[in-house]
Amino acid sequence: MHTLPQLPATSALQAAPARPQCRTALPSGAATWLRTAGAGAAPRRPGQGGFHRRTMLAGGLASSLLLAACGPSAGGSSTSNAVSFSFWGPSFYQEFTSEMVEAFNAAEPDVEVSLQPSEWDGYWDKLATQVAGGTPPDVINMDGKYIAEYSGRDVLADLESLPGLDLSGIDAADLDTGRVDGVLTGLSTGSNAWAVVVNPALFEQAGVELPDDTTWTWDDFRDIAQRLSDSGVATGVSGGASYADLTIFLRQKGEDLWAADGMGCTAESLAEWFQLYLDLQESGATLGAEDAVEDGAVTLEQTAFSTARSAMSWTWTNQLQSVRDGAGTQDITMLRPPSFAGSAEENGLFKKASMYWSIAKASQNSEKAAALVNFLANDPEAQAIQLLNRGVPSNSEAIEAMGDSLTDTDRDVIDFLTAITPELGSAPAVQPMGTADSQNTFTRLLTDVRFGTITPAEAAEQTIAEVNGMVTG
């Protein structure tokens, strides 16, 4: 299953002067909503049954129109009551986030919030320039790929040290995802998990029973995929090959993908993961090398899983509605990943923060910035506006506030995360500074393994050397 590539910034954008509070409605637009590795959930407007077309504005049109309507873009805050708030997302994210800020201003009318929305592609360039210029936004939308880097450079405040930020309703697992070296520098907006998705209709046509996902093993996974392929109904499994299933695989072996100085796994375990995909390919249980590469490049609606050419795949839980829409059926079901031990408690599954709210350590108005973050994370009115678009919050009161706006798919996602939470172990290690491009290395070298140009053992050694070489700081 595809994920939205979140690519690191490659150039810096010039920081602009501070701008006044924006109350102007945001324009809408359309282009392709790229799939992300666990980034925010597929956007859905309140009251809509699903998101039928994942949209992102091409060329930052909405942001440009917003800036034209509301004045110049901002660096840090310029008055004692001003809070600058930077975040990424397509036009719909900008719209509902603006509504959340309007609700905050109704409760805190003395705080002037200046919105700094960006598309993903320009967000990190702009943030890096603001930080380098000494004018970071007060409230920063942060991502797991970069939280270690910004924390390591002492950019982000310790959220537990700020008054006015209530963390009592957020479970420990969610809080731990935002800790770097034990310091809480990012507050999870909501969680996702990496899951197997299956098409029950294809299983039935192939005469293959759905597995018990609390006990199935990797041997079961391979056997089921093989029997599905042998049936002629569909290829057994497609997609996956993400850092997410690699992390799960390694955690089952008592290792982790990351360590402070680079990759945290042995070459032997990494080679086993490459070998898993090669074995599936050679047995016919998954797509051939050329088809797998093509499947990774097409839109969600064109993938083998969406077009009923494969019966199993992988996805983030927050993308379930997009997967169901892409496949044209609401019967698509999520399963826990298989394990070596055949135990849900030992399958290595983890909750990933969709994204984080952080506060700049250099903020001149950290108390009011904390008040804004507290509202975004805890206020029922804010949650009723945001719904699950930034992941599933662990605060039960936040979910209750969403009420009838939740769809059946939303409730399936909530139920899945609720069921797996007691089974989860500690959070995975934080990705070290400089390694944001590592997924491209995993994908490229797995492709080489698929085509037979290198062995799994060679791919493992090369991966570790290459990714460790990315580490900075």
Side-chain angles (χ1 to χ4, degrees), residues 3-13 15 34 36-40 75 84-89 93 116-133 135-159 174-192 242-244 247 257-264 316 350 352-363 373 390-391 427-442 467-473:
T3 52
L4 308 173
Q6 294 191 345
L7 303 179
T10 56
S11 62
L13 302 179
L34 301 175
T36 183
S84 51
F85 174 23
S86 66
F87 63 96
W88 73 79
Y93 273 65
Q116 300 178 19
S118 296
E119 304 284 348
W120 171 269
D121 288 342
Y123 180 83
W124 299 102
D125 291 339
K126 182 177 179 180
L127 179 60
T129 303
Q130 290 173 311
V131 169
T135 57
D138 297 295
V139 176
I140 302 171
N141 197 179
M142 185 51 58
D143 182 73
K145 287 186 176 182
Y146 301 106
I147 190 170
E149 182 151 355
Y150 280 89
S151 298
R153 298 187 188 284
D154 208 29
V155 174
L156 307 180
D158 177 0
L159 299 181
D174 273 12
L175 290 176
D176 285 347
T177 65
R179 296 187 192 278
V180 179
D181 295 331
V183 179
L184 184 69
T185 55
L187 179 60
S188 171
T189 63
S191 295
N192 307 287
S242 162
Y243 82 92
T247 300
L257 179 59
W258 300 115
D261 57 352
M263 295 193 69
W316 290 104
F350 60 96
K352 178 190 182 296
S354 297
M355 55 186 79
Y356 302 95
W357 300 130
S358 294
I359 294 175
K361 192 171 186 178
S363 172
V373 171
R390 287 190 171 105
V430 174
Q431 186 168 347
M433 295 169 58
T435 60
D437 201 37
S438 57
Q439 177 63 58
N440 291 337
T441 298
F442 304 149
V467 174
N468 285 353
M470 299 178 184
V471 178
T472 60

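Being a predicted model, the structure only gives us computed values, none of them experimental.
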Kindly indicate, with the supporting measurements, whether the criterion side chain to side chain contact (heavy atoms under 4.5 Å, CB included) is fulfilled by M470 and T441.
-> CA-CA 11 Å; M470 299 178 184; T441 298; 3.2 Å; yes
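- Across all non-hydrogen atoms, the minimal contact from P137 to S86 is CG-OG, 3.4 Å.
- Using a 4.5 Å cut-off on side-chain heavy atoms (C-beta onward), K145 and W124 make no contact.
- F87 pairs by the ring-ring contact (aromatic ring centres under 6.0 Å, His included) definition with F85, not counting sequence neighbours.
- Residues S191 and D174 come closest through the heavy atom pair OG-OD1, 2.6 Å.
- Between M263 and N468, the closest side-chain pair of non-hydrogen atoms falls below 4.5 Å.
- Q116 and Q130 form a side-chain donor-acceptor contact under 3.5 Å, judged by distance and modelled atom types alone.
- When side chains are defined from C-beta on, L127 does not count as touching W88, because their heavy atoms never get closer than 4.5 Å.
- Every salt bridge (charged side-chain N to carboxylate O under 4.0 Å, His left out) that D154 has, sequence neighbours left out, goes to K361.
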Evaluate the side chain to side chain contact (heavy atoms under 4.5 Å, CB included) criterion for residues S438 and W258: first the C-alpha distance (whole Å), next the side-chain angles of each, then the deciding distance (0.1 Å), finally the verdict.
-> CA-CA 11 Å; S438 57; W258 300 115; 3.4 Å; yes
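- Judged by distance alone, the side chain of Q431 and the main-chain N or O of T435 form a donor-acceptor pair under 3.5 Å.
- Here the side chains of Y150 and S358 are not in contact, with every heavy-atom distance at 4.5 Å or above.
- The side chain to side chain contact (heavy atoms under 4.5 Å, CB included) test applied to V430 returns I147, A148, V180, not counting sequence neighbours.
- In this structure, V471 and P432 approach most closely via the heavy-atom pair CG2-CG, 4.4 Å.
- At least one side-chain heavy atom of F442 sits less than 4.5 Å from a side-chain heavy atom of V467.
- For D158, the side chain to side chain contact (heavy atoms under 4.5 Å, CB included) criterion is met by E160, S161, V183, L184, not counting sequence neighbours.
- Annotation: side chain of R153 is in contact with side chain of T472 (closest heavy-atom distance under 4.5 Å).
- Annotation: side chain to side chain donor-acceptor pair (under 3.5 Å) contacts of T247 (sequence neighbours excluded): none.
- Using a 4.5 Å cut-off on side-chain heavy atoms (C-beta onward), I359 and V373 make contact.
- In this structure A362 satisfies the side chain to side chain contact (heavy atoms under 4.5 Å, CB included) test together with P136, sequence neighbours excluded.
- Residue N141 is tested with Y93, W357, Y356 for a side chain to side chain contact (heavy atoms under 4.5 Å, CB included); the sole match is W357.
- Once rounded to the nearest 0.5 Å, the distance linking CD1 of I140 with CE of M355 reads 15.0 Å.
- Interatomic distance, NZ of K126 versus OG of S118, reported as 4.5 Å (0.5 Å rounding).
- Relative ring orientation between W316 and F350 is described as perpendicular, the plane-to-plane angle rising above 60° on a 0-90° scale split at 30° and 60°.
- Contacts of T177 classified as side chain to side chain donor-acceptor pair (under 3.5 Å), with partners at least two apart in sequence or in another chain: none.
- With sequence neighbours excluded, no residue satisfies side chain to side chain donor-acceptor pair (under 3.5 Å) with S188.
- Applying the side chain to side chain donor-acceptor pair (under 3.5 Å) test to T189 and every residue at least two apart in sequence or in another chain returns nothing.
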